[in-house]
Amino acid sequence: MPPAQAEAFIRALAVANPAPETELTYSDPFTLLVAVVLSAQATDAAVNRCTPALFAAAPTPEKMAALGADGVAPYIRTIGLWQAKARNVAALAQALVEKHAGEVPGEREALEALPGVGRKTANVVLNVAFGQHTMAVDTHIFRLGNRCGLAPGKTPREVEDMLVKRCPPDLLRDAHHWLILHGRYVCKARAPECWRCVARAHCNYRDKVLAPPV
DNA sequence: ATCCCGAGGG
DNA sequence: CCCTCTGGAT
């Protein structure tokens with residue numbers, strides 16, 4: 001896909017949110033970081049349901065660390081992987097207290113050094129909470145990128161670099177999140193709904209879906 | 001019954 | 001590269 005078309009594609013996807021009620025609502029560094037860690041293999045709705053009580057009990061890394069894994073667990077039993085996540089979140093809070101004076105660092109290196117934080121989580125926090133020009137490439141964006149030909153045959157990291165390069169700066173913040181929602185609710189893994197995709201003018205995947213190669 | 005918004009570990 | 005974690009959605 002030529003650069004100009006790629007930009008138009010990204011712009012189209014960033015214009016409309018296909019599922020407003022499913023967004024993670026947090027934007028401050030700590031709650032966002034914890035919410036993102038909890039969201040792996042869970043829906044935003046499930047995370048949004050259980051986190052208010054958790055953050056009421058532990059609004060800061062200090063409180064969360066004091067709570068510990070056993071204290072966090074009861075709040076998140078409704079989401080998948082809750083045992084591992086309770087340990088992760090407690091260890092994460094502990095590390096923030098011990099190594100960063102209870103503040104979420106705004107640099108990639110420091111974020112990725114935290115337990116349970118990888119490149120994708122770091123990119124979300126850097127983008128949403130710190131306003132940096134990053135793009136979090138998860139399986140949804142990766143799949144969408146492959147289907148529409150944004151970066152065919154490329155690694156997730158290459159897709160990320162391509163998106164950062166091609167996404168208009170004024171859209172970086174919204175585009176990365178809305179790309180995820182499009183990937184999840186429209187450009188779905190199983191039954192993609194090309195008919196309602198706002199970027200269908202820039203993508204021919206619907207042809208491949210309807211007439212798969214023999 | 002089967003897949004899944006990721007990270008750590010073998 | 002593979003596996004595991006685990007509830008929820010389909």
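The analysis underlying the following values was restricted to heavy atoms, covering all of them including side chains, and did not include hydrogens, waters or symmetry mates. A note on names: the letters A, B, ... follow the listed sequences, proteins ahead of strands, and every chain is numbered from 1.
- The shortest distance between the side-chain N/O atoms of Trp82(A) and the OP1/OP2 oxygens of dC5(C) is not below 4.0 Å.
- Of the residues near DNA chain C, Thr43(A) and Ala84(A), the one whose nearest nucleotide (by heavy atom distance) lies more toward the 5' end is Ala84(A).
- Between Leu111(A) atom CG and dA7(B) atom P there is a gap of 11 Å when expressed in whole angstrom units.
- Val117(A) comes within 4.0 angstrom of sugar-phosphate atoms only, judged by non-hydrogen atoms across all strands, and of no base.
- Checked against Leu144(A) for a side chain to side chain contact (heavy atoms under 4.5 Å, CB included), the options Val159(A), Val186(A), Leu179(A) give a single hit: Leu179(A).
- Between the side chain of Gln132(A) and the backbone N or O of Gly106(A) there is at least one donor-acceptor pair closer than 3.5 Å.
- Looking at the side chain of Ala40(A), the nearest of the listed nucleotides dG6(B), dC3(B), dG7(C) is dG6(B).
- For the pair Gln41(A) CD and dG6(B) P, the computed distance is 6 Å after rounding to whole Å.
- Heavy-atom nearest nucleotides on DNA chain B were determined for His177(A) and for Pro115(A), and the one closer to the 5' end corresponds to His177(A).
- Look at OH on Tyr185(A): it is 15 Å from P on dG8(C), rounded to the nearest Å.
- Distance alone, capped at 3.5 Å, places no donor-acceptor pair between the Asn127(A) side chain and the His176(A) backbone.
- Side-chain N or O atoms of Asn123(A) include none that pairs as donor or acceptor with a backbone N or O of Thr134(A) at under 3.5 Å.
- The nucleotide whose nearest atom lies closest to any side-chain atom of Thr78(A) is, among dT2(B), dC5(C), dG8(C), dG8(C).
- Residue Leu38(A) contributes atom CG, which lies 19 Å from atom P of dC5(C) at whole-angstrom precision.
- Formation of a donor-acceptor pair under 3.5 Å by the Arg143(A) side chain with backbone atoms of Gly183(A) is found in this model.
- Atom NZ in Lys85(A) sits roughly 14 Å away from atom P in dG8(B) (whole-Å rounding).
- Of the possible donor and acceptor atoms, none in the side chain of Lys120(A) sits under 3.5 Å from a partner among the backbone N and O of Met135(A).
- Nucleotide dG6(B) holds its P atom 20 Å from the CD atom of Gln83(A), rounded to whole Å.
- At a threshold of 4.0 Å, the pair Asp161(A)-Arg157(A) counts as salt-bridged, since one of the basic side-chain nitrogens sits closer than that to a carboxylate oxygen.
- Within 4.0 Å (heavy atoms only), Ala136(A) reaches no atom of the nucleic acid at all.
- Backbone-only contact: Ile79(A) has heavy atoms under 4.0 Å from sugar-phosphate atoms and none from a base.
- DNA chain B is contacted by both Glu112(A) and Ala42(A); Ala42(A) maps to the nucleotide lying nearer its 5′ end (nearest heavy atom per residue).
- Rounded to a whole Å, the NZ atom of Lys188(A) is 13 Å from the P atom of dC4(B).
- Rounded to whole Å, atom C1' of dG7(C) lies 20 Å from atom OH of Tyr75(A).
- dT6(C) and dG9(B): their P atoms are spaced 16 Å apart (whole Å).
- OP1 or OP2 of dA7(B) lies within a sub-4.0 Å distance of a side-chain N or O belonging to Thr121(A).
- In this structure, a donor-acceptor pair under 3.5 Å is present between the side chains of Tyr26(A) and Thr51(A).
- Listed by residue number, the members of residues 88-97 of chain A with any heavy atom below 4.0 angstrom from DNA chain B form an empty set.
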